[in-house]
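Atoms within a ligand are numbered from 1 in the order they appear, just like the ligands themselves.
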Amino acid sequence: MAGRLAALRGRIDDACSRADREPAGVTLLAVSKTFPAEAVQEAYAAGQRCFGESRQQEAAPKIEALPADIEWHFIGGLQRNKARKVVAAFPVIHSVDSLRLAEYLDRVASEEGKRPQIYLEVNIASEASKGGFSPDELVASAAELAALRQVEIAGLMAIPPDDAAAARRWFAATRELRDRLRKESGLALPGLSMGMSADFEDAVLEGSTVVRVGSALFGYRPYPA
Ligand SMILES: *Cc1c(COP(=O)(O)O)cnc(C)c1O
């Protein structure tokens, strides 16, 4: 595990150097969904502190069992009936896919006394099979998003179409959309959550600040979760 983590970090750092970026500007989020607490513990022992989970019920016993200084990131589809538990346990939520959900999380966070960081998930290639804000919706929602007070809007999250060879242009499109939104809304939007096992280097070349890597660290996932 320590060797795999170091190798991944090395690849991220190489991509940073090619892009003339500081390695400290890219967080490696270890996506531990479907893997047991023991796997997280091994990565923790090797120094990893940020882990991503996509289902609240699956994550809860891991969070309970593992060290309190882990930073848990929620990366899955978020139902309203899970929002309160997710806000309580996850300081970072990458999968906020509508204005209504952002507003709801803002209210729940206020009630729970939390200040979560949220990423707005954008359906950057307008795929029928995917959720998320359309680019137009995001621009149209900018003023309402900028008015939210309890959540901190960290930036955009995107999952490009399943074609690693084409991923880079979608990462670039996500960054350009972020730049446009930043100008029009005044939101700072410093974060870009993009890049997974198959394409994280291209994501770093296009400005990713958080790469979400599962299988390249933990191994083959028998079901997609
Ligand atoms: C599962 C998942 C990942 C990690 O995928 P890998 O291909 O295993 O690296 C990243 N982001 C999201 C949103 C996921 O659901």
- Classify the contact between His94 and ligand 1 as side chain, backbone, both or neither, using a heavy-atom distance cut-off of under 4.0 Å. neither
- Provide the number and element of each atom of ligand 1 under 4.0 Å from a heavy atom of Arg212. 4 (C), 9 (O), 10 (C), 11 (N), 12 (C), 13 (C)
- Query: Are Val210 and Leu156 grouped together when hydrophobic residues (ILVMFWY) are joined by side-chain heavy atoms under 4.5 angstrom apart?
  - Reply: no
- Message: With heavy-atom distances below 4.0 Å as the criterion, list the atoms of ligand 1 near Lys33.
- Response: 1 (C), 2 (C), 3 (C), 14 (C), 15 (O)
- Query: For ligand 1, which atoms, with element, lie under 4.0 Å from some heavy atom of Val213?
  - Reply: 9 (O)
- Numbered atoms and elements of ligand 1 in range of Gly214, under 4.0 angstrom, heavy atoms: 4 (C), 6 (P), 8 (O), 9 (O)
- Item | N-O pairing of Arg9 and Asp13 below 4.0 Å | yes
- Taking only Lys NZ, Arg NE, NH1 and NH2, and the carboxylate oxygens of Asp or Glu, determine whether Glu206 and Arg175 approach each other closer than 4.0 Å. yes
- Is there a nitrogen or oxygen of Ala198 sitting under 3.5 Å from a nitrogen or oxygen of ligand 1? no
- Note: ligand 1 atoms sitting under 4.0 Å from heavy atoms of Ile159 are 13 (C)
- Query: Can you check whether Ser197 has an N/O within less than 3.5 Å of an N/O in ligand 1?
  - Reply: yes
- What part of Ser215, side chain, backbone, both or neither, has a heavy atom within less than 4.0 angstrom of ligand 1? both
- Sub-3.5 Å donor-acceptor pair from the side chain of Thr27 to the main-chain atoms of Leu29, do we have one? no
- Look at the side chain of Arg149 and the backbone N and O of Ala146, then say whether any donor-acceptor pair between them is shorter than 3.5 Å. yes
- Anything under 30° is parallel, anything over 60° is perpendicular, the rest tilted; go ahead and classify Phe90 against Phe74. perpendicular
- Item | Stepwise salt bridge (charged side-chain N to carboxylate O under 4.0 Å, His left out) test for Glu111 and Arg84 | CA-CA 9 Å; Glu111 289 164 5; Arg84 197 167 293 277; 2.7 Å; yes
